[in-house]
Structures are given as C-alpha cells and as structure tokens.
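Following: one structure in structure tokens, then a few remarks.
Computed from a prediction, not measured in an experiment: that's the story for all the values here. Note: hydrogens, waters and symmetry copies are ignored here, and every other heavy atom, side chains too, is used.
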There are 2 protein chains.
Amino acid sequence: MLKYVLLGFLSYLPLTGYELEGWMNISTSNFWQAKLSQIYTTLKKLEEEGAVTSQIAPQEGRPDRRVYTITEAGLAELYEWQRTPILDLPQKKDALLVKVFFGLEAGKEAMLTQLRLQLDLHRRQQQHYAQQSFNDMQHILEDHPELVTNAILWDSTRRFGVMYEEMYIGWLQETIAMVEKTLPDDEKAK
Amino acid sequence: MLKYVLLGFLSYLPLTGYELEGWMNISTSNFWQAKLSQIYTTLKKLEEEGAVTSQIAPQEGRPDRRVYTITEAGLAELYEWQRTPILDLPQKKDALLVKVFFGLEAGKEAMLTQLRLQLDLHRRQQQHYAQQSFNDMQHILEDHPELVTNAILWDSTRRFGVMYEEMYIGWLQETIAMVEKTLPDDEKAK
DNA sequence: TCGCTCATGTAATGGGTTACATGATTCA
DNA sequence: TGAATCATGTAACCCATTACATGAGCGA
C-alpha cells in the first residue's frame, strides 16, 4: 500500500509529491516503487481522508510547490498499520520465470539470450545496492542527522536488496549451466 | 501477464478454467498466481481475441465443464512473447520491508513479533518447495509422460523458490539479531 | 453435519501504469 | 542544442482482488 510509504516519509518531515518520489527512488524502490502520477493521486486521497494537510509554497518560473504535512490522525493510522502483523507471504510476479517455465518451444538459444541479459541486469543491480544505495543513505543523513536511528532499519532493507540480487545471480548462473548442458540444440529453421 | 501462463498450459493440453487453477497452484504459484475469477475473465477475453476456443462438456449435478483449446493464432502469440527479451528487472512489492523500513516508532517488540512470524512462514514455504512441489511434479509426469522435457525447466523454477526462501530466511535471522542487539528497548506505556 | 472438491460465472472496487498537458532552468 | 531536473496534475485504461450468486457429491 503506497499510502503507508508516503505517510512513513511524512512522519519524518513535510515533503512535496515530487520530493517523495526522490526519497522513494533512493531508498524504498528496492521493495516498493510508484510513479509520480500515483503519488499525486494518493496524496490527494490522503488529504481528503484527513491524514495529511497541504500548504502551497509559491514559486516563480515553475509550478508552486505543494508541501504535505502529516496530521495526528495520519500518524495514528500509520502506527496502527505498523503494529498489525502480516499473516501471509508476499507474492512474487516474475515474467522471466514464466518464460523459463514455458520456454522449451522457444528454443535453447532464445532462452540463453534471455538469461544472460538478466544476469547482466542483476549484476548491475547488485552493485547498485552494494555501493550507490549506501552512499545515497549517507547523504540523507548529512542533511537529516536526526534520522540516524532510522538508518539502521533502512540499511537492513538495503541488505535485503543485496542478498536478493546475489541469490538471483546464483540461480541464473545455475540455470544457464543447466540449459547449456541439458536442453536439446536448436536445429530447425527460423 | 496471466494470459501467457494460461496459453502456456493450454499449449500442453486442453483444460478448463478450474483445472488451470489447479496446474498453477502446484507449479507457477511460486512466481505467478491468480484467482479463479481472473482466470475465467481472462479466458473469455482470450476466446474473443481468437487465441483459444472452447467446447462445452455436459455434466450432471454440477455446471457443465468448459474446455479451452489453444488455436494456431494463440500458439503464435505465445511463441512471439516467449522470444521477446525482457529488458528490465522484475519489481518487488513487499509490505514486510515497508514495516521494517519505517518500524522504529512501532517499537522493538512489535518488530520482533513481525519478523519471527514471517520467519516461521518462510521456513514452511521453503519446506514446501523442497518437498511437496517436487512430489506434485512427479505426479503430473505420471499422468503426462510426454511433458518430461518441460519438467527440467519446471524444476529450475522450483529451485528458484527454494533459493528465494533460503535467502529470505537468512535475511530474517540476520535482521532479528540486529534488532535484538541494536534497537532501543520499549519503555513506554501502551 | 461440516468442510472440501468440483464447477461456473458476474459486478464492484482498488491499485497501478501510460498517456496527455505544460513549461522554465540548468548543465554539458 | 539537447537532455536532465524541477514541478504539477488529469484521464483513460489495465490488471487484479473481493464479494456476490449457486449448488451437488463425498468423505471424516
């Protein structure tokens, strides 16, 4: 639920929709992402519900900033959600796995192309979580030193990103080796 | 895209909506799941598009079965999708990570409760992929021995499930230890 | 008798993406 | 000169979930 991510950031400090996107990009995008359009509509709904209020900060040369502030009711809702235990497993949707599962007819070479491309992407992503994300977090702390205790928790979600990518890379390597060894060669015309 | 999962199974043999749910539950639910209602509406759309046809098989005492068969056009669409490379990373959405990220205010004990509950769920799931899923696959092969080559690929997606759960369990253990050691104790009233 | 399996579907709602619409400033 | 950043929003559409509606047969 995007709304709780937005309320979470607004519990740190007041922010605009555009700024919220920036915070998400460098921190939660690992396990929750959203487009700007959805962020704007969700903020609007939150304001109607009374969970946030907004103030216009006039600007010249570009649209006025709309700064959102969390209300007492919004904080209460956030904490209540936080304390509600999750009773089921997160569900995954991964198109690559669908392509692998049904990939026999597509042929060995097509499959290897897919898998190698993904291997490259996941290696980059792993590097990103290992390096860039860590730096980004440091920069935020320089601007907002009061959030240092939160950063312990932020970092554990970053670790999740690293571990997830490492697992994915391992699986891809194993699967590539299996496909090379086991699947029948393509021998038919295009 | 659910439609390609359905077309994938129908490329093996004709099936009803209800049966498709069963196949998904024991195989693709690891990386793609769907409710019956969505399966039925998607099959209807696929028939309108001409990717499948359906035949009614009369029954007594319960609704007639509607058996779907893939068409040449449907097969062509499936193969074309299969051969299209994926150029981006799968996106994850995981509410637990949101709760961890913003979990400071919820308190140490609430967080440990969450994490321990998830640890239990993921351990069960890992066992499931390691044992039950493997057996289910064997049973399918007994009924459909012609699918034995496909089963190599099925099994690699099952391996993904096992590896994913192992990674998740490792992260949860690490995170629980970190929370116990690092987070300040709750000392406020409820 | 209670719950599970078999078997179909529709309607309402929610969550999310894509496309549309606008436009100044800044840096390479 | 062209791309990125800053900055807002709406409308149309698509995908997916939940709720509704029905009901026989079978095994514990």
Side-chain angles (χ1 to χ4, degrees), chain A residues 1-7 14-26 28-29 31-49 52 54-68 81 87-95 98 136 139, chain B residues 1-7 14-26 28-29 31-49 52 54-68 81 87-95 98 136 139:
Chain A
M1 216 126 295
L2 176 62
K3 72 186 259 188
Y4 296 109
V5 177
L6 302 179
L7 290 175
L15 292 165
T16 68
Y18 189 82
E19 286 167 340
L20 279 160
E21 192 209 18
W23 282 73
M24 286 183 73
N25 283 342
I26 59 173
T28 69
S29 61
F31 51 89
W32 212 279
Q33 336 69 42
K35 300 289 154 76
L36 256 175
S37 63
Q38 197 197 353
I39 292 172
Y40 285 125
T41 51
T42 305
L43 286 169
K44 201 179 171 188
K45 241 180 288 167
L46 284 171
E47 188 164 27
E48 282 162 19
E49 284 173 35
V52 301
S54 69
Q55 296 78 40
I56 301 289
Q59 288 198 129
E60 280 166 42
R62 56 187 60 166
D64 292 345
R65 288 156 44 88
R66 182 182 287 270
V67 182
Y68 287 91
W81 180 77
L87 301 173
D88 43 28
L89 292 161
Q91 48 167 44
K92 324 190 226 31
K93 302 237 166 172
D94 190 328
V98 177
D136 291 342
H139 289 307
Chain B
M1 217 126 295
L2 176 62
K3 72 185 260 189
Y4 297 109
V5 177
L6 301 179
L7 290 175
L15 292 165
T16 68
Y18 189 82
E19 286 168 339
L20 279 160
E21 192 208 19
W23 281 73
M24 286 183 73
N25 282 342
I26 60 173
T28 69
S29 62
F31 51 90
W32 212 278
Q33 336 68 41
K35 300 288 153 75
L36 256 174
S37 63
Q38 196 196 353
I39 293 172
Y40 285 126
T41 51
T42 305
L43 285 168
K44 201 179 170 187
K45 240 181 288 165
L46 284 171
E47 188 165 27
E48 281 162 20
E49 284 173 34
V52 300
S54 70
Q55 296 79 40
I56 301 287
Q59 289 197 130
E60 280 165 43
R62 58 186 60 166
D64 293 345
R65 288 156 43 90
R66 182 181 287 270
V67 182
Y68 286 91
W81 180 76
L87 301 173
D88 43 27
L89 293 161
Q91 48 168 42
K92 323 190 225 31
K93 303 238 164 170
D94 189 328
V98 177
D136 291 342
H139 290 307

Starting at CD of A/Gln91 and ending at C1' of C/dG15, how long is that distance when rounded to a whole Å? 12 Å
For D/dC6, does OP1 or OP2 lie under 4.0 Å from any side-chain N or O of A/Gln59? no
For a quick test of reading the model: is some side-chain N or O of A/Lys35 closer than 4.0 Å to OP1 or OP2 of C/dT18? yes
Side-chain N or O of B/Arg66 closer than 4.0 Å to phosphate OP1/OP2 of C/dG9: yes
Just the rounded figure in Å: distance from P of D/dA7 to CZ of A/Arg62. 5 Å
Rounded to whole Å, how long is the line connecting atom OH of B/Tyr4 with atom C1' of D/dC14? 13 Å
Between B/Tyr18 and C/dC6, does any side-chain N or O lie under 4.0 Å from OP1 or OP2? yes
Indicate whether OP1 or OP2 belonging to D/dA16 is found under 4.0 Å from a side-chain N or O atom of A/Lys93. yes
Could you tell me how far apart B/Trp32 (CH2) and D/dC15 (C1') are, to the nearest whole angstrom? 10 Å
Could you check how far CD of A/Glu19 sits from C1' of D/dG9, rounded to whole Å? 17 Å
Side-chain heavy atoms of B/Lys3 within contact of B/Leu6, under 4.5 Å: no
Any idea which heavy atoms bring B/Tyr68 and B/Glu47 closest together, and the distance? CE2-OE1, 3.9 Å
Under-4.0 Å side-chain N/O to phosphate OP1/OP2 contact, A/Tyr40 with D/dT8: yes
Between D/dT18 atom C1' and B/Ile39 atom CD1, what is the distance in whole Å? 15 Å
Hey, does the side chain of A/Gln38 come within less than 4.0 Å of C/dT17's phosphate (OP1/OP2), counting only N and O? yes
Is there a side-chain contact between B/Ile39 and B/Met24 in this structure, where contact means two heavy atoms from C-beta onward sitting under 4.5 Å apart? yes
Quiz question: going by heavy-atom distance under 3.5 Å, is there a donor-acceptor pair between the base of C/dT18 and the side chain of A/Ser37? yes
N or O in side chain of A/Lys45 less than 4.0 angstrom from C/dG14 OP1/OP2: no
Does D/dA7 have OP1 or OP2 under 4.0 Å away from a side-chain N or O of A/Arg65? yes
Whichever of A/Met1 and B/Leu36 has the more 5' nearest nucleotide on DNA chain C, that residue is B/Leu36
So, for B/Lys93 and A/Gln33, which heavy atoms are closest and what is the spacing to 0.1 Å? NZ-O, 3.1 Å
Just the rounded figure in Å: distance from C1' of D/dA7 to CG of A/Leu20. 13 Å
Nearest whole Å is fine: how far is D/dA7 C1' from A/Gln55 CD? 17 Å
Distance-minimising heavy-atom pair for B/Val98 and A/Trp32: CG2-CE3, 3.9 Å
